[in-house]
*Asks:* 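The structure that follows is given in the form of structure tokens.
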Amino acid sequence: MKQQLPTLVSTFAQAVSAARAQVGDSPRLAIALSGGLDSSALLHLAHAYAAEHGLQLHAFHIHHGLSPNADTWLTHCEQACVALGVPFQARHVELQRKDKTGTEEAARKARYAALGALCREHGVELLLTAHHQDDQAETVLLQLLRGSGPAGLSGMDAANTAASLLANEQLVMARPLLTASRRQLDQYVTGHGITHIHDESNDDPRFARNALRRTIMPALADAFPGFQERLARSASHAQAAQRLLTELAQQDLALCLDGDCLDMTRLRTLSLDRIHNLLRHWFGTRGLRMPSAAWLSETVTQLLEARDDAQVLVTHPDCHVRRYRDRLHLTPKLADLEGTREDQFDQTPGTPFRWSGEAQLAFPAYGGVLHFDAIEAVHAEAGEGAVVSAAPEAAPAGGEADAPPTGIDADWLRSLPLLIEFRRGGERLKRADNRPTRPLKYHFQELNIPAWERGRLPVVHAGKDLIFAAGIGMDCKHLGAGVGRIRLRWQAQ
């Protein structure tokens, strides 16, 4: 009878095979190798698995340079891989020194980004890390002490993608030792005579995880033997609960989503718990950091209780949260534009310029590029007799659906001094012959352009006449049909 495989080896093999199913038949896999006890056990287990399944194994080591022993660790890892015939690659990363906690987080981000880059360079789609059951217990305890919800208490997944962390969308990161205890790994390393290094930073109690590992975890082990396994089971329950919350959030998002916005009328039909759950999920889909419970509660209160005509603005670390016309927007934080600054000694507002036939002119101080589209070029691209369809500012202002495009006489435009500036109030524009001349404010309202976007939309004067307003279009006063005419178009950058 065939002898039964050791539990650690068999569970490792099952976990890797399950992770491989997510990346198809890729013949390559890699491990993150620090040289410590855990990753040294991972190296030997992965080497045996790769040999059995005919796979090419790579070992990647990240050199942070934070320890005086870092060079020694790199040499140790390289020699261990040479002894097994495993291709080895190291990557040096430089960190900006901060406080202890900041350095730890910076090192983590740099390490995973470097691992993702190494995997991409070597065509690896599955990366194995040495996280184990004790790591999972530590993670759950830390999240519990931070007051985290189900997402945080879920701990680490057996396998997942983390494109933002790894900077690699194709890469799956698996933790095949997640059901193994540190004691099992210690016994495996000792039994196989595997040498490993010791990272002295793991002894520093100023790190929260080390404080848990050195004081709290031993006390828990004495009072509650096997608590790690039970915490891992709790993490599994939290993962199931989080999957249900995510499924509910996806349904609520589909209900409330209106383009890139949320419909406040539909949002108000949900309970507060579902609104909070939906907003967390929405932030996640937009790549934004998760807000605290206090921030989220205060934000929802403002959004729901502000008067109907109020333009609510709440600042998030990564964006602005705005309510406009009963729609909820997430807008980026944009730097101030130089064109909004007025020099008190300069009596000429805006930026004067001349047009000499260029297809476009860049205006960085105003945040974009002004295009000069020739009417015949528009016809050529759209096809003879075709109707041009474009953004409101590029489309024919008024008139019949099949009316030819109109523009400003190019020679007339060349002959005049031009001025670009942000609106100062009082500007008026007539979009079509059959429409009245109205202040820009009314055009913006008609076109449903939010108030926070209007201040970044410049206008262009030719001589004393306003001829163009970004987001609105051309003034019809100087427009006409025919060849040799120009339409202005603004493209924000």
Side-chain angles (χ1 to χ4, degrees), residues 101 105 109 136 138-158 160-165 208 231-334 450-453:
T101 302
E105 179 62 17
K109 291 182 178 179
Q136 182 77 302
E138 292 167 4
T139 298
V140 173
L141 281 172
L142 282 173
Q143 294 296 336
L144 183 63
L145 293 171
R146 291 167 180 163
S148 299
L153 297 177
S154 296
M156 295 176 284
D157 294 323
N160 67 285
T161 57
S164 60
L165 184 65
L231 283 179
R233 188 161 61 247
S234 294
S236 179
H237 295 326
Q239 288 173 7
Q242 184 57 44
R243 285 193 292 270
L244 289 175
L245 288 172
T246 300
E247 185 176 332
L248 179 62
Q250 290 171 341
Q251 295 173 1
D252 289 341
L253 182 60
L255 170 69
C256 298
L257 198 61
D258 181 8
D260 290 333
C261 314
L262 294 185
D263 186 328
M264 290 296 300
T265 301
R266 296 174 182 174
L267 194 70
R268 291 187 184 95
T269 66
L270 305 178
S271 68
L272 278 177
D273 286 337
R274 286 177 68 172
I275 292 175
H276 290 179
N277 184 51
L278 167 57
L279 292 180
R280 287 193 184 95
H281 177 72
W282 192 37
F283 282 19
T285 63
R286 300 287 288 268
L288 304 174
R289 282 175 281 182
M290 286 299 103
S292 67
W295 183 93
L296 190 60
S297 178
E298 176 62 25
T299 297
V300 170
T301 298
Q302 292 188 46
L303 293 173
L304 296 180
E305 295 183 1
R307 67 180 189 273
D308 292 343
D309 61 343
Q311 296 183 21
V312 180
L313 167 62
V314 181
T315 299
H316 177 276
D318 299 330
C319 68
H320 291 304
V321 182
R322 304 176 186 267
R323 197 190 77 183
Y324 174 73
R325 291 193 174 182
D326 226 23
R327 294 293 185 274
L328 190 60
H329 301 254
L330 297 181
T331 62
K333 291 181 176 179
L334 300 175
W452 61 88
E453 293 183 6

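Here the structure is a predicted model, which means the values were calculated and not measured.
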*Asks:* Taking all atoms of both residues into account, what is the closest heavy-atom pair of Trp282 and Leu257, and its distance?
*Replies:*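 What the structure gives for the nearest pair is NE1-CD1, 4.2 Å.
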*Asks:* Centroid separation under 6.0 Å, is that true for the rings of Trp452 and His329?
*Replies:*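 Close enough - the centres of the two rings lie under 6.0 Å apart.
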*Asks:* Quick one: does Gln143's side chain have a donor or acceptor within less than 3.5 Å of a partner on Leu153's backbone?
*Replies:*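 Side chain of Gln143 to backbone of Leu153, a donor-acceptor pair under 3.5 Å: no, none is there.
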*Asks:* State whether the side chain of Arg323 and the backbone N or O of Val312 hold a donor-acceptor pair below 3.5 Å, judged by distance alone.
*Replies:*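 Not a single qualifying donor-acceptor pair exists.
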*Asks:* Got a second to check how far Leu328's CG is from Cys256's SG, nearest 0.5 Å?
*Replies:*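 Taking CG in Leu328 and SG in Cys256, the distance rounds to 10.0 Å.
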*Asks:* Minimum heavy-atom separation for Cys319 to Lys333, with atom names?
*Replies:*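 It is O-CE, 3.5 Å.
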*Asks:* Mind checking the CZ-SG spacing from Arg322 to Cys261? Nearest 0.5 Å is all I need.
*Replies:*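 Atom-to-atom, Arg322:CZ and Cys261:SG are 12.0 Å apart.
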*Asks:* Please confirm whether the backbone N or O of Ala293 pairs with a side-chain atom of Ser297, one donor and one acceptor, at under 3.5 Å?
*Replies:*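 Pair absent, no side-chain N/O of Ser297 close to backbone of Ala293.
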*Asks:* Could you tell me the separation between the OG1 atom of Thr331 and the OH atom of Tyr324, rounded to the nearest 0.5 Å?
*Replies:*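 Separation between the atoms: 13.5 Å.
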*Asks:* Salt bridge (Lys or Arg N to Asp or Glu O under 4.0 Å): which pairs involve residues 247-264, sequence neighbours left out?
*Replies:*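 Counting only pairs at least two positions apart or across chains, the salt bridge (Lys or Arg N to Asp or Glu O under 4.0 Å) contacts touching residues 247-264 are Asp252-Arg274, Asp258-Arg327, Asp263-Arg266, Asp263-Arg327.
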*Asks:* Which one of Leu334, Thr315, Leu330, Val314 satisfies the side-chain contact (heavy atoms from CB on, under 4.5 Å) criterion with His320?
*Replies:*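 Single pass found, and it is Thr315.
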*Asks:* Hey, could you give me the CZ/CE distance between Arg280 and Met290, rounded to the nearest 0.5 Å?
*Replies:*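 Between atom CZ of Arg280 and atom CE of Met290 there are 8.5 Å.
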*Asks:* Please report the C-alpha distance between Trp295 and Val321 in whole Å, then the side-chain angles of each, then the deciding distance to 0.1 Å, and finally whether the side-chain contact (heavy atoms from CB on, under 4.5 Å) criterion is met.
*Replies:* CA-CA 12 Å; Trp295 183 93; Val321 182; 4.0 Å; yes
*Asks:* Closest heavy-atom contact between Gln239 and Ser154?
*Replies:*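 Taking Gln239 first and Ser154 second, the nearest heavy atoms are NE2-O, 2.8 Å.
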*Asks:* What's the separation between atom CG in Leu262 and atom CG in Leu279, rounded to the nearest 0.5 Å?
*Replies:*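 Answer rounded to 0.5 Å: 6.5 Å.
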*Asks:* Keeping the roles fixed (side chain from Asn277, backbone from Leu245), state whether a donor-acceptor pair exists under 3.5 Å.
*Replies:*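 The answer is yes, because a donor-acceptor pair under 3.5 Å joins these two groups.
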*Asks:* So which heavy atom on Arg289 is nearest to which on Pro317, and how close?
*Replies:*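 That would be NH2-CB, 3.3 Å.
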*Asks:* So, for Met264 and Leu303, which heavy atoms are closest and what is the spacing to 0.1 Å?
*Replies:*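 That closest heavy-atom pairing would be CE-O, 3.6 Å.
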*Asks:* The criterion is side-chain contact (heavy atoms from CB on, under 4.5 Å); which residues satisfy it with Ala240, sequence neighbours excluded?
*Replies:*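 With neighbours one apart ignored, the set is Arg243.
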*Asks:* Can you tell me how far apart CZ (Arg268) and CD1 (Ile275) are? Round to the nearest 0.5 Å.
*Replies:*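 Output value for this atom pair is 9.0 Å.
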*Asks:* May I ask you to test the Leu231-Gln136 pair for a side-chain heavy-atom distance under 4.5 Å?
*Replies:*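 In short, these two side chains do not touch, never coming nearer than 4.5 Å.
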*Asks:* Minimum heavy-atom separation for Pro150 and Ala238, please, with both atom names.
*Replies:*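 What the structure gives for the nearest pair is O-CB, 3.8 Å.
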